[in-house]
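Working notes, beginning with the structure itself.
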Number of protein chains: 2
Amino acid sequence: MKQKRQLAIKEILGQRIIATQEELAQALKKAGFAVTQATLSRDLRELGVGRVSVPEGPRYVLQPENEEQKMRAFLGYEIEGIRANESVVVVKTLPGRAQGVAEIIDNLRHPLVLGTLAGDNTILVTPASVKKIPDVMRVIRSLMSEQARRRPAASS
Amino acid sequence: MKQKRQLAIKEILGQRIIATQEELAQALKKAGFAVTQATLSRDLRELGVGRVSVPEGPRYVLQPENEEQKMRAFLGYEIEGIRANESVVVVKTLPGRAQGVAEIIDNLRHPLVLGTLAGDNTILVTPASVKKIPDVMRVIRSLMSEQARRRPAASS
DNA sequence: CAAAAATGTGAATAATTATGCAAGAAGAAA
DNA sequence: TTTCTTCTTGCATAATTATTCACATTTTTG
């Protein structure tokens, strides 16, 4: 039921203007989904729906999948490998993609990552501490995990 | 002062993660702007800043309203169709719009797209691999997604 | 200049959202 | 089936946001 309800939420938000979760609850009720505001709060979080205020008042909006999210969807393809020595982590990417991937890593603002330096197909990731290198590698790998089930990249 | 403060708000939101208006007030205070939550509520509305909840909790996000997105808003109208054979993807556009649309596709610098060649109303998109053709088509279709949503799909 | 209108703000509070907790449902394991 | 997890959800309430009211300041108008 949850899944269908969340689909219904997207449809409703795409159609009419919803200002509050209570209002959304009303609309859902008419569509055959009776839930409380608490559940909607959770649904909206899971859906990544945003709430923006405009002069006419607040309203919920489907967040347009932003550039970074789209980029992230392809990290699995772009990252060729992750290695490390005693002091830094090195990420190998497809040719010319290092800048883009580094950008995404930077934007994570992960406390364990001090910063990145990107060349053409290589990124140098500086960990907050050399002791955290395994953790940093895990973090970067986790970026690819979503894509793990897709077929491995085969180059032309 | 108000104008400078709102500029500062944008900067802060672009830099770090802000979960609440109180938190934003703190950050602003350090930047030399002492205001209350009430004022920030108004500022955020005027700025059109959004608040989205993610698994880690709520956070404020600058709503993307940039030029490219506006361009993309027209893509749905400009793209007439997307087809492919065993080796290339062909995008049909409105007369004279192929160059413009190809430009946008190029700017994606998507790893799965080697390059484009645009005529008057036809674009030839070369995929990184013929095996990736379905993915490439998906990518291009996703550019139109904003429009696709307006067409309410019948659902279960 | 004086009066009137518009603007900006804080304090208090109304409105709304997020969450801790507990309970029921649906599976998974034995 | 029984037991143990894992999900979902509602209730109550904590946390947060939006708004009303009052007041001060600035801007506009006559």
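A, B, ... follow the sequence lines: proteins, then strands. Residue 1 opens every chain. Quick note: numbers below take in every heavy atom, side chains included, and nothing from hydrogens, waters or symmetry partners.
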(message) Is there a continuous path of hydrophobic side-chain contacts, each under 4.5 Å between heavy atoms, that joins B/Ile105 to B/Met137?
(response) yes

(message) With nearest nucleotide decided by heavy atoms, which residue, B/Glu46 or B/Pro58, maps closer to the 5′ end of DNA chain C?
(response) B/Glu46

(message) In whole Å, I'd like the distance from the CD atom of B/Gln37 to the P atom of C/dT9.
(response) 14 Å

(message) For a quick test of reading the model: is some side-chain N or O of B/Arg51 closer than 4.0 Å to OP1 or OP2 of D/dT17?
(response) yes

(message) For a 4.5 angstrom cut-off between non-hydrogen side-chain atoms, does B/Leu28 reach B/Arg5?
(response) yes

(request) May I have the distance from B/Glu22 (atom CD) to C/dA11 (atom P), rounded to whole angstrom? (result) 11 Å

(request) Return the value, rounded to whole Å, for the distance between atom CG of A/Leu47 and atom C1' of D/dT8. (result) 15 Å

(request) Show your working on side-chain hydrogen bond (donor to acceptor under 3.5 Å, both in side chains) between B/Glu22 and B/Gln37 and close with a plain yes or no. (result) CA-CA 6 Å; B/Glu22 295 290 358; B/Gln37 172 268 326; over 6 Å; no

(message) Is there a salt bridge (Lys or Arg N to Asp or Glu O under 4.0 Å) between A/Glu23 and A/Arg16? Walk through the geometry before answering.
(response) CA-CA 11 Å; A/Glu23 194 177 330; A/Arg16 40 174 296 205; 3.6 Å; yes

(message) Side chains of A/Val136 and A/Val113, heavy atoms from C-beta outward: is any pair under 4.5 Å?
(response) yes

(message) Testing the basics here: between B/Ser87 and B/Asn85, what is the closest heavy-atom pair and its distance to 0.1 Å?
(response) N-OD1, 2.7 Å

(message) As a test of reading the structure: which of C/dT9, C/dG10, D/dT17 is closest to the side chain of B/Ser41, going by heavy atoms?
(response) D/dT17

(request) Taking only the side-chain heavy atoms of A/Lys2 (C-beta and beyond), determine which of C/dT9, C/dT19, D/dT8 contains the nearest atom. (result) D/dT8

(request) Classify the nucleic acid contact of A/Thr20 as base, sugar-phosphate or nothing, counting any heavy atom under 4.0 Å across all strands shown. (result) sugar-phosphate

(message) With heavy-atom distances below 4.5 Å as the criterion, would you say the side chains of B/Val130 and B/Glu86 are in contact?
(response) no

(message) D/dA18, OP1 or OP2 - any side-chain N/O from A/Ser53 closer than 4.0 Å?
(response) yes

(request) Check every strand shown and say whether B/Arg45 touches a base, only sugar-phosphate, or nothing at a heavy-atom separation below 4.0 Å. (result) sugar-phosphate

(request) Please give the angle, rounded to 10 degrees, between the axes at the start and the end of the helix from C/dC1-D/dG30 to C/dA30-D/dT1, where five pairs define each axis. (result) 40°

(request) Quickly work out the A/Leu28 CG to D/dT9 C1' distance and round it to whole Å. (result) 14 Å

(message) Can you say whether a donor on the side chain of B/Arg42 sits under 3.5 Å from an acceptor on the base of C/dG10, or the other way round?
(response) yes

(message) Return whichever of B/Val35 or B/Glu56 has its heavy-atom-nearest nucleotide of DNA chain C closer to the 5' end.
(response) B/Val35

(request) Let me know the distance between CG of A/Leu44 and P of C/dT17, rounded to the nearest Å. (result) 9 Å

(message) Taking atom types as they are modelled, would you say the side chain of A/Arg59 forms a donor-acceptor pair with the base of C/dT16 within the 3.5 Å cutoff?
(response) no

(message) With a 4.0 Å cutoff (strictly under), does any side-chain N or O of A/Thr39 reach OP1 or OP2 of D/dG10?
(response) yes

(request) Compare every heavy atom of B/Lys92 with every heavy atom of B/Thr122, then report the nearest pair and how far apart it is. (result) OG1-NZ, 3.0 Å

(request) Specify the separation, in whole Å, of atom CD of A/Gln21 and atom P of D/dT17. (result) 13 Å

(request) Please state how far atom CG in A/Asp43 lies from atom C1' in C/dT17, giving the value in whole angstrom units. (result) 14 Å

(request) Would you mind classifying the nucleic acid contact of B/Ala34 as base, sugar-phosphate or nothing, using non-hydrogen atoms under 4.0 angstrom? (result) sugar-phosphate

(request) Round to the nearest Å and state the distance from A/Met1 atom CE to D/dT8 atom P. (result) 13 Å

